[in-house]
Every structure is written in structure tokens, then in C-alpha cells.
Amino acid sequence: MQDNLPPYLEILNPEQREAVLHSGKNLLILAGAGSGKTRVITTKIAYLIREQGLDPRSIMAVTFTNKAAREMAARARLIDGRAGDAMMRTFHSFGAWFLRRHAVLAGLNSNFVIYDEDDTVSLLGTIDEESPRAVLRTTAALISRAKDYFLSPDDPELDLIDYRPEFRKTYALYEERLKKIGNMDFGDLIKKPVEILRSNPDLARRFRERFKVIMVDEYQDSNIAQFKLLAELSGPETYLCVVGDDDQSIYRFRGAEVRNILEFPERFPGTDIIRLERNYRSFEPILNLASSVVDHNRGRLGKTLRAERGRGKLPELAFLPDQDEEAAHCADLIQGKSTGSVRSVYSDWAILYRTNAQSLGFETALLKRGIPYKVVGSLKFYEREEIKDALALLALMVNPLDEVAFRRIINKPARGIGGTTQDKILESAYANPPVEGGLLAAARNCSLSAKAAAGIEIFASFMDKAKKLISPEEQKTKNIEPGSSSKKTGKITKWSAKNPIRADEGLSVCVASLIQDSGLAEYHSTHDEINGLQRLGNLQELVNAASLYPASEEGLAEFLEHIELDRSIEENKDTGSDFVTLITLHNTKGLEFKRVIMTGLEQGIFPREDKEGDDLEEERRLFYVGATRAMDELYLCSCAFRRMFGRTSIMTPSRFLYELDTLSIRIIGKAPIGFAGKTGLKQPALIRAAKISSDGRWKQGDRLFHDDQGYGAVMDISETDDGPIVKVCFDNGQTRRFLSLYQSGNFTKIKEDEWG
DNA sequence: TAGTTTTAAGTTTTT
DNA sequence: CTTAAAACTA
């Protein structure tokens, strides 16, 4: 035990302190959920600077999400302000930073724009004009996966991604095309730096000299390419410290390789392992519940989480008739109705679901009750057509060779430049060596119809105008542009013909000018009768966001990069500071809430499909992640029916519900057979059932659900003048006869037969 | 070629 | 049900 430790080290537990003070060899920290790993990382950064006298600039700390990177930086700075000078970024943001400086070494453009999966699909569409969109999307996903595994088109191992020679060929063509354009996709942000470091030993040496300490958070979610990047950046002298939890690996589908963490000690010989197994977040039954499910997984490093907070309220599992009741149940819980307790603070609550599509029902229910909420991470904003259009204009300014952006925007609004003309322009641009001025210049040099040529001129003229707004010479006299007529106008959220897109600061002036002069604003407001105003509002919001950046070419590039790498946007709803969080299970990683409701625990929803093997294990880990977000109270919901694609279908409870420790849970509602837990409050008796089969007729053996009796099966059907009478045997052993009342879709209301 | 109608498909999860 | 994409027509 050291004497006179500074307070920020004093407050750590022995394992945490050991991890912070550890030096010399590489370090693998196996940190269970809620064991204070972020505290360890941030403290370690501060400790290295304060006590070890390390230059902050020689420390690199990588995370996976922007939110995590921001939080890490903020918390480290709280302990020591100098920590702000350390490089704390996401893997992808580091890759972009690296490539802006060193891409030229690989003969690549450094003014690249980052292509997302959608852009990749568009580009693939110009390579392969035959295939339908769905096929292109699959190909795009495969290419992205290939890059996660650090596989190039000529790599023999590419067969493991897709053995078809066509795929190899398409991938090669795509790479060639992307290089010509000079842009990067997400995978390139990791893969290309590795290639550059490998072929430039001097540069690699300089990096190894600079970064003496490299730390990685959520290491269980790293992929092969990221592993290789780490390997290139760290030499024998580098102190490598990775933190992770194999039970929280939930991004396998995206190329994350759990073996990275499982085999870390072998890959980096001389590694010490420290386990953080004290959980400070959740009450014991919550941890027991989470562990009991993930215990069914094989191939774990294994650890025992101890609940430092001791016993608390038993988690509740509610069996509900359908998703509307589920949403109502959530609202009841939040308002404290079911328990009769005092209403809690809204921000204590989070509603978790497997897919974004599920958020809608909760939104409507909460809205109806006037409960404020925020949907986290619905990336819709940047996926909106009008926003993508506006971004294409900006992208084309940054990289005039951006074919995808060019095609997207050149004829919007219509300028008489259709697909055929576009092909002609692109063909001539690719036939000739890269033209100064990019695709627009190429278009001007192309012999086109009078109509098309005129369209090009119109387009080129406002692009030139916008360019002037960010060129250095014009900066001093920038009071001449029309958009910024008078004084500060503040944020404008509503649009009218008299109140066009406005801007008065920084880059927003240029962005506003582009959106206005290109006719994009007008195009979207007139083309969409219903949502036109909202579309303009979105465009205005984009303009507002740009005002934070300087009106220069660098500012523009920065703005675009920020948008491309961090798509989470603060939805500027007039929600105060107290709101319920609606969030996907994946998005909750790293977060915690006092009260958590996990919804949709049904086969097909969670776990999704009938997943098997490794995929099923990943779903289990997702359950573990979700459950361990809860500090005080945990609630689970499972519905008997769910509307999907406009149809109502009967659901089977999630298999995880059969796996969990029944002593750690209290059951509410009609549980299917096999649940031994205590039964809580009674649901009001409703008589309702639905069939599995969809042809509108009852069949022997049809499974159904009855609000009073629970799950059951049809034993016998007899036709009468009043319709069919069905005899049902329930899982609880009871037998009843029902008269079918009426039907809609495959959802049938029934009335209990008098003789039943 | 532009714009409209009809048909089909889809819901993972995200940097 | 909602959205995207193919098909169709002016």
C-alpha cells in the first residue's frame, strides 16, 4: 500500500489502482459491466501525465463511438487539464486524421470525402447497372466486411467473405473507381493507414516514437483491420493497454473479432491481465439475472461480477397482450401507476428495444400521456433526401471529382441533364486525364445538347459563387452576399416563402447560398406538398450546424468530416432536461440508467430470427449489455401479439426468458407454462385470441393466446350457424370452448361459449 | 426524359 | 403499414 496517494488515486479500489499504476508490460484489463473501466482509463491518462511526467501528446486513447471519445476526454481533463492534449479519438476519426496528413504517400487524395454505405451502393450502381438495388446493397456490405477483415480484392482469403469470382471482380472495380474519384469509405479509414504504415517504415517509426502509450476502450469490439492498425502503431517500446469485456461483444455482425481480446496475451507476449469484477452499478438480482442468461454461452473468458451495492428490488417480467399494452405498461411504470409509488424523475428511465422500428409505438404512447422523451441515435436526419442532397453539393465542392455527389445533384432540380447525359460526361472525364476543376470542367468541355450545356452553366455558376464565399480573398468583404442581409437572425426553424433559408455566421453563409441558389430549397418545398416545410426546416438545421465552422475550405472539409463520422445529432425538440430515453440495445453500450425497461422479449424479435450458434450467443451478450445498464430497477416485457408489416402475429416468449434465473425475477401477467416465478398483479380480464395460421380459418393444432388463460392450442372445431366453435386446451391444463366472433386479418376476437 | 402509378419488399444492430 | 424501386405514360 502506497502512502500519501493523491485523492484521485485514493478513491480507486485495489484492482483499479493496480491497473492505473501498472507499467512496463502490456496490459489487458478485463472489466465487467459497471466496474469503473472508464474511470480507470481516464485516471490512467491523468496519472501518466501528472505522476509519470509523460507528454500528453505521446498518449493515444481510442474508442469506438464519438460519445465515448467525448466522455473520455471530458473526464480525463477533469483530473488534469493537460489530458486534453492527448489524442483521444474514435478509430475512424484517427484514421481520417492520419489520412488527411499522409494519404499522398499512397498516391491518394487528401481532400477526400468519406463515403457511407449508401454512397458505396450508388457507386456500385454505376459499375454494375444490371443488378437491382438489393443485390448492390449486399455487395456493399460484403465489401465493407472484407475491409473489416483487411482483405483486398486479390487476397486469397477473400473467398471466406464470398467465394464468387464476380464479387472479387466487382470489389476490384469498386476500388479502382474509388481511387480515381479520390474518396474513402469507412473501411478505408482503417485499412489504408495500415497499408501506408507498412510501406513507409520511416513514417511508422515516427509514429512509434510519438505514441509511447496506446489505450483502447471496448477492445472486444475491435475488428481485424483495427488490430492490424494497433500492431503497426505499437513497437517493442510501446505500452499497450486494452480494456474490454468479452461478454459485451455485440458487433460481430460488423466484423468485430472477439478473438482479438481472447487472444490478446498471445498476440502481444508479456501481457499482464487485471480483472475488474466489482460492480458498482446494479443491485444484485439485476446482475444475477443478466449473468444467468449469458452463462448459457460457451467460449467465455469467464468472470464473476460481485454486486457491491447488495440486494435490491427484484426485476419484473411482464407478459402483455400486445405492443400497445406494452407501451402502456411502460408509461404506467414511468408514471408510477402500477406500483403506486411516487412518480420518479423521467430521466431515470430508459426504454430499450432491439430494432429502431420498435421506437414508434413507445413514442406515440409517451406523447399521448405527455411524458417527455428523447430517441437516441435515430440516424434519420442525415439519411433524409434533402440533407443528402445538400451534403452532395458540399462534397462536390471539397472533391470536384466526387462522381456520386455529382450524379446525385447535377439534375436536381431538373436541368435537362438526365442519366444518358451524365454517363456521357463521366465517360469523357474518365477517358481524359483528370481535368483541373473536376467533373464540372469536364462537363463544360464535353459536347452536349444546348439544353444540357445551359444546365451545366447554371450549375457551375452558383458553385463558383459559393466557392467565392469560402475563398480567402473574399473573407474581408463578405458583407456582400444576399443571404446575410442584416443583423443576427437567430435560429430559424420554420420556413415560408418570405422567410427563406437564412444564415449569418461562418460557413453557414456558404451552405445557405448553395442550398438557396441551387434551387434545392425550392425543389424540396414544392415537390413535397405535405412535408415541404419540414424539409426546409431540416435544411435550415443543417445550415445552423454549419455556422459553427469557419467560412474556409478547411472549415468546409471539417464540417463534412464531422457529419460523416458522427451522425448522432441533438434532436432539437423542445424537450427540457428531464426526459425518458428511447434507445436500441446496441446504443446503450457504456450508458447507465436508474430504471431500465427491456422490451420485445419475443422469439424473432429478441433474439432475432431463430439465431443459432455464434449469432445466438451474440444476442445473449446483447441481453447482458441491456440488463446491466440498470442501476436500481429492471423491467422486462414480452408480448403475446405483435403487429409487424401491418399484420398481427402471435409471438412466442424469448428463449432468454426460459434461460434466466427465475429466483431473480417476479412475473406479472399470464406466463406461459414453464415459468415458476411468483405471480404479481392481476391483469384486467379481456377475452381475446389470435391464430397463428393466416388463411382465416381455424385448424386443429393452431396455437393461440387468451388473456385469461394464457397460451393454448386448438383441439377441435365444430361449425354452427353462428360460426365455428373451437375447443381449446390451454397450457395450464384448462379446456374451454369458444365462439368465434369476428375477424380482421389473422387476428380473431372470440367470445367464450356459453356451454364452455 | 420527367413525372406518375403500380408493385414489391422489408426490421437488425453502426463507425 | 411504410418505403423504395421498377414500370409505365405523356
Side-chain angles (χ1 to χ4, degrees), chain A residues 62-69 89-96 114-118 120-121 125 130-137 141 144-145 147-148 184-191 218 221-223 225-226 249-256 323 352-361 376-380 382-385 411-422 449 451-452 455 523 526-527 531 561-568 583-589 600 602 604-609 611 615 618-619 621-623 625-626 642-649 745:
Chain A
V62 234
T63 63
F64 281 85
T65 66
N66 296 287
K67 199 193 268 168
R89 287 173 179 265
T90 65
F91 263 111
H92 289 89
S93 138
F94 172 78
I114 300 162
Y115 273 176
D116 62 17
E117 199 121 316
D118 219 50
T120 297
V121 170
E130 309 299 301
S131 298
R133 212 82 186 155
V135 174
L136 297 178
R137 267 199 290 269
S144 152
R145 179 63 63 88
K147 291 187 177 184
D148 287 342
M184 306 276 175
D185 61 22
F186 275 111
D188 287 337
L189 297 181
I190 311 295
K191 187 165 175 272
E218 306 282 10
D221 286 325
S222 60
N223 61 35
Q226 287 159 341
S249 167
I250 53 174
Y251 285 106
R252 208 180 80 97
F253 71 94
R254 212 177 65 193
Q323 59 196 349
L352 277 47
Y353 37 81
R354 180 66 231 275
T355 65
N356 278 307
Q358 284 164 259
S359 77
L360 220 83
V376 171
S378 63
L379 356 125
K380 279 181 197 154
Y382 292 108
E383 277 170 10
R384 289 169 199 273
E385 188 192 351
N411 204 30
K412 207 171 189 176
R415 298 184 183 94
I417 308 159
T420 326
T421 317
Q422 287 172 30
S449 70
K451 194 166 125 202
Y523 173 88
T526 54
H527 268 70
N531 301 314
E561 182 168 314
H562 180 263
I563 285 171
E564 284 145 357
L565 292 180
D566 186 1
R567 314 209 120 187
S568 66
I583 191 168
T584 62
L585 285 154
H586 280 86
N587 260 323
T588 58
K589 203 175 64 170
E602 297 127 38
I605 299 286
F606 187 29
R608 195 162 200 279
E609 301 295 305
K611 291 217 169 183
D615 289 338
E618 177 143 313
E619 299 274 313
R621 293 191 291 266
L622 195 53
F623 180 94
V625 167
R642 189 170 284 277
R643 276 191 313 278
M644 291 160 92
F645 309 127
R647 277 185 199 290
T648 303
S649 36

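The chains referred to below are lettered A, B, ... by the order of the sequence lines, with proteins before strands, and numbering in each begins at 1. Bear in mind the structure is a predicted one, so any value in this text is a computation, not a measurement.
Aromatic ring orientation, A/His92 versus A/Phe186: perpendicular (interplanar angle above 60°, classes split at 30° and 60°).
Atom-to-atom, CG of A/Asp566 to C1' of B/dT14 comes out at 12 Å; the value is rounded to the nearest Å. Between the CD atom of A/Gln226 and the C1' atom of B/dT15 there is a distance of 8 Å, given to the nearest Å. If you take NE2 of A/His586 and C1' of B/dT13, they are 4 Å apart, rounded to a whole angstrom. Whole-Å rounding puts the A/Asp221 CG to B/dT15 P distance at 12 Å. Between A/Glu218 atom CD and B/dT14 atom C1' the separation is 14 Å, expressed in whole Å. Per the geometry, CD belonging to A/Glu561 stands 13 Å off C1' belonging to B/dT15, to the nearest Å. For the pair A/Glu117 CD and B/dT15 P, the computed distance is 13 Å after rounding to whole Å. Across the protein-nucleic acid pair, A/Leu622 atom CG and B/dT13 atom P stand 11 Å apart, rounded to whole Å.
Between A/Met644 and A/Ile605 the shortest side-chain heavy-atom distance falls below 4.5 Å. When side chains are defined from C-beta on, A/Asp118 does not count as touching A/Glu383, because their heavy atoms never get closer than 4.5 Å.
Side-chain proximity of A/His92 to the nucleotides B/dT14, B/dA2, B/dT15 is greatest for B/dT15.
Contact annotation for A/Asp148: no contact, since no heavy-atom pair falls under 4.0 Å across all strands. Nucleic acid contact class of A/Tyr251 (heavy atoms, under 4.0 Å, all strands): sugar-phosphate only. At the heavy-atom level, A/Arg254 lies under 4.0 Å from base atoms of the strands shown.
Side chain of A/Glu618 to backbone of A/Arg252: a donor-acceptor contact under 3.5 angstrom is found. Here the side chain of A/Arg621 pairs a donor or acceptor atom with the backbone of A/Ser249 at under 3.5 angstrom. Of the possible donor and acceptor atoms, one in the side chain of A/Asn411 sits under 3.5 Å from a partner among the backbone N and O of A/Ile417. In this structure, A/Tyr353 contributes its side chain and A/Ile583 its backbone to a donor-acceptor pair below 3.5 Å. Between the A/Asp185 side chain and the A/Glu117 main chain, no donor and acceptor come within less than 3.5 Å of each other.
Closest heavy-atom contact between A/Ile114 and A/Ala96: CD1-CB, 4.4 Å. Minimum interatomic distance between A/Phe64 and A/Glu218 (heavy atoms only, all atoms of both residues): CE1-O, 3.1 Å. Across all non-hydrogen atoms, the minimal contact from A/Val625 to A/Leu585 is CG1-O, 4.4 Å. The shortest non-hydrogen separation linking A/Leu189 to A/Leu565 is CD1-CD2, 3.7 Å.
Of all nucleotides in DNA chain C, those with any atom nearer than 4.0 Å to a heavy atom of chain A start and finish, going 5' to 3', at C/dC1 to C/dA6.
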>> Could you go through A/Lys589 and A/Asp221, starting from their C-alpha distance and side-chain angles, then the distance that decides it, and tell me whether this counts as side-chain contact (heavy atoms from CB on, under 4.5 Å)?
In response: CA-CA 11 Å; A/Lys589 203 175 64 170; A/Asp221 286 325; 2.2 Å; yes
Look for any protein N or O under 3.5 Å of an N or O in nucleotides 3-11 of chain B and output each such pair with its distance, or none.
| residue | atom | partner | partner atom | Å |
| --- | --- | --- | --- | --- |
| B/dT11 | O3' | A/Arg608 | NH2 | 2.4 |

Symbol by symbol from the 5' end, with Watson-Crick or G-U pairs under 3.5 Å, [ ] crossing and | another strand, DNA chain B is ||||||||||.....
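For the P atom pair drawn from C/dA6 and B/dT11, the interatomic distance equals 15 Å after rounding to whole Å.
For B/dT13, neither phosphate oxygen OP1 nor OP2 lies less than 4.0 angstrom from any side-chain nitrogen or oxygen of A/Asn587. The side chain of A/Asn66 contributes no N or O atom lying less than 4.0 Å from OP1 or OP2 of B/dT15. Distances shorter than 4.0 Å separate none of the side-chain N or O atoms of A/Ser93 from OP1 or OP2 on B/dT15. Side-chain N/O atoms of A/Asn223 include none lying less than 4.0 angstrom from OP1 or OP2 on B/dT15.
Along DNA chain B, the nucleotide nearest to A/Phe186 and the one nearest to A/Thr421 differ in position, and the one closer to the 5' end is contacted by A/Thr421.
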